[in-house]
*Asks:* 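A single structure is presented below for examination.
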2 protein chains.
Amino acid sequence: MDVREGKEKFIEAWGKMATEWGINRTMAQVHALLLISPDPLTADQVMADLDISRGNVNMNLRALMDWGLVHKQLKAGERKEYFFAEKDMWTVVRQIIIQRKKRELEPMLKVLDEVASVEENCPESKQFNEVVSDIRMFSHKANQTLDTLIKADSNWFTNIFLRMVR
Amino acid sequence: MDVREGKEKFIEAWGKMATEWGINRTMAQVHALLLISPDPLTADQVMADLDISRGNVNMNLRALMDWGLVHKQLKAGERKEYFFAEKDMWTVVRQIIIQRKKRELEPMLKVLDEVASVEENCPESKQFNEVVSDIRMFSHKANQTLDTLIKADSNWFTNIFLRMVR
DNA sequence: CATTGTTTTCAAATAAAATTGAAAACATTG
DNA sequence: CAATGTTTTCAATTTTATTTGAAAACAATG
């Protein structure tokens, strides 16, 4: 297979997977493009490569920087801004965990904690409390585990994987 | 807090979280409603409780059954069909892992394996192969780990959590 | 401080996804 | 097998999310 075909397939698959995980397809494609590019790219290059508008590129590059997955690089003597993606996969995954945890898991935990104070005086409230308590414990455990994961280094992560499949 | 308020908050939060994970909000709300209901519900009850159309209820109930999160119950002497959700959280999570792995991770692995055969003859293809190889290894490891998780029982899962945060 | 190159913004347009509702299909019953 | 209760389907509609593109803002340069 040649690089061009490989790149296309990869960018397409990365974008498709993203939509299944609630992430904008184009944002993921910009990310994929930068991931596999050996050098930083300008907004114009991304525009041309993915055939999308300047505004779209700008918005998605900013979003990717918010997620900590892409960084800006300024080249001496040039006015254009260059962008490159974090390439180390463990750092990428860690960054995604940090952001999704903060944006999604933590607000959910807050709601679960609030909602755990329902008084129990009928079958309806009994079932409700049981399920909420179950999900709540589960989520708090997941939260702790993710905190540990975030602090861990790449090797430790690999070790956990190995330990789990053993 | 009273049950009504608790239920509403929970259903809303569950639906919101779902959209952030690429799952239809209504599907998640139907799931939430059945999760916290002490008894199986008919399509009509779901319709009334969530104030959505019959067609919508039908489609989402079928989708939830596809995911293995909801089951049908037939009551003797009644023509209506009743639906109830799997309540055990570990089973719910396992079911979601099984389905998402099959629908998303495995196709992605297939693409990564295909695309790993790019010949390496320029900086572009070198960078491409490095990134793909990295993601590929990572994903295969994740896949193995998930297989182990799926086979594991609830206690084993708890133990892993505990082991990881220790 | 005007010119030029570049980035950012955001209202409007477009595209994608979800929902409705009425008709059709199906199933049970007498 | 007609009447009735129930589920399923799907074209049309509505809602939501994404994208565009042109104007405004910004920044560097002479």
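Residue numbers start from 1 in every chain, and the chains themselves are labelled A, B, ... in the order their sequence lines are given, proteins ahead of strands.
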*Asks:* Nearest to the side chain of B/T26, which nucleotide is it out of D/dT8, D/dT19, C/dA18?
*Replies:* C/dA18
*Asks:* From C-beta outward on A/E81, which listed nucleotide comes closest to its side chain: C/dT7, D/dT18, D/dT7?
*Replies:* C/dT7
*Asks:* Quiz question: by atom type and distance under 3.5 Å, do the side chains of B/D113 and B/H140 form a donor-acceptor pair?
*Replies:* yes
*Asks:* Would you mind reading off the distance between B/D66 atom CG and D/dT8 atom P, rounded to a whole angstrom?
*Replies:* 12 Å
*Asks:* Picking from D/dT19, C/dT7, C/dT19, which would you name as closest to the side chain of A/M59?
*Replies:* D/dT19
*Asks:* Rounded to whole Å, how long is the line connecting atom CG of A/L74 with atom C1' of D/dA28?
*Replies:* 13 Å
*Asks:* So do A/K80 and A/K75 actually touch side chain to side chain, heavy atoms under 4.5 Å?
*Replies:* no
*Asks:* Does a side-chain N or O of B/N24 approach OP1 or OP2 of C/dT19 to a distance below 4.0 Å, or not?
*Replies:* yes
*Asks:* Report the distance from atom CD of A/Q29 to atom NZ of A/K16, rounding to the nearest 0.5 Å.
*Replies:* 12.5 Å
*Asks:* Between C1' on C/dT7 and CG on A/L61, what's the gap in Å once rounded to a whole number?
*Replies:* 11 Å
*Asks:* I need the CG-C1' distance between B/N60 and C/dT19, as an integer number of Å.
*Replies:* 10 Å
*Asks:* To the nearest Å, give me how far apart CE (A/M65) and P (C/dT8) are.
*Replies:* 7 Å
*Asks:* Output the rounded distance in Å from CD1 (B/I52) to P (D/dT14).
*Replies:* 18 Å
*Asks:* With nearest nucleotides of DNA chain D determined for A/N56 and A/G77 from heavy-atom distances, which residue corresponds to the more 5′ nucleotide?
*Replies:* A/N56
*Asks:* Write down the distance between CE (A/M47) and C1' (D/dT20), rounded to a whole number of angstrom.
*Replies:* 10 Å
*Asks:* With distance as the sole criterion, is a donor-acceptor pair present between the side chains of B/E104 and A/W21 under 3.5 Å?
*Replies:* yes
*Asks:* Mind checking if B/T42 touches a base, just sugar-phosphate, or nothing, with heavy atoms under 4.0 Å?
*Replies:* nothing
*Asks:* When you check the phosphate oxygens OP1 and OP2 of C/dT7, does a side-chain N or O of A/N58 lie under 4.0 Å from one of them?
*Replies:* no
*Asks:* Whole angstrom is fine here: how far is it from NZ in A/K75 over to P in D/dA27?
*Replies:* 22 Å
*Asks:* Between A/L35 and A/E86, what is the shortest heavy-atom contact and its length?
*Replies:* CD2-O, 3.4 Å
*Asks:* Please determine whether a side-chain nitrogen or oxygen atom of A/R62 lies at a distance below 4.0 Å from atom OP1 or OP2 of C/dT9.
*Replies:* yes
*Asks:* Hey, which sits more toward the 5' end of DNA chain C by its nearest nucleotide, A/R79 or A/R25?
*Replies:* A/R79
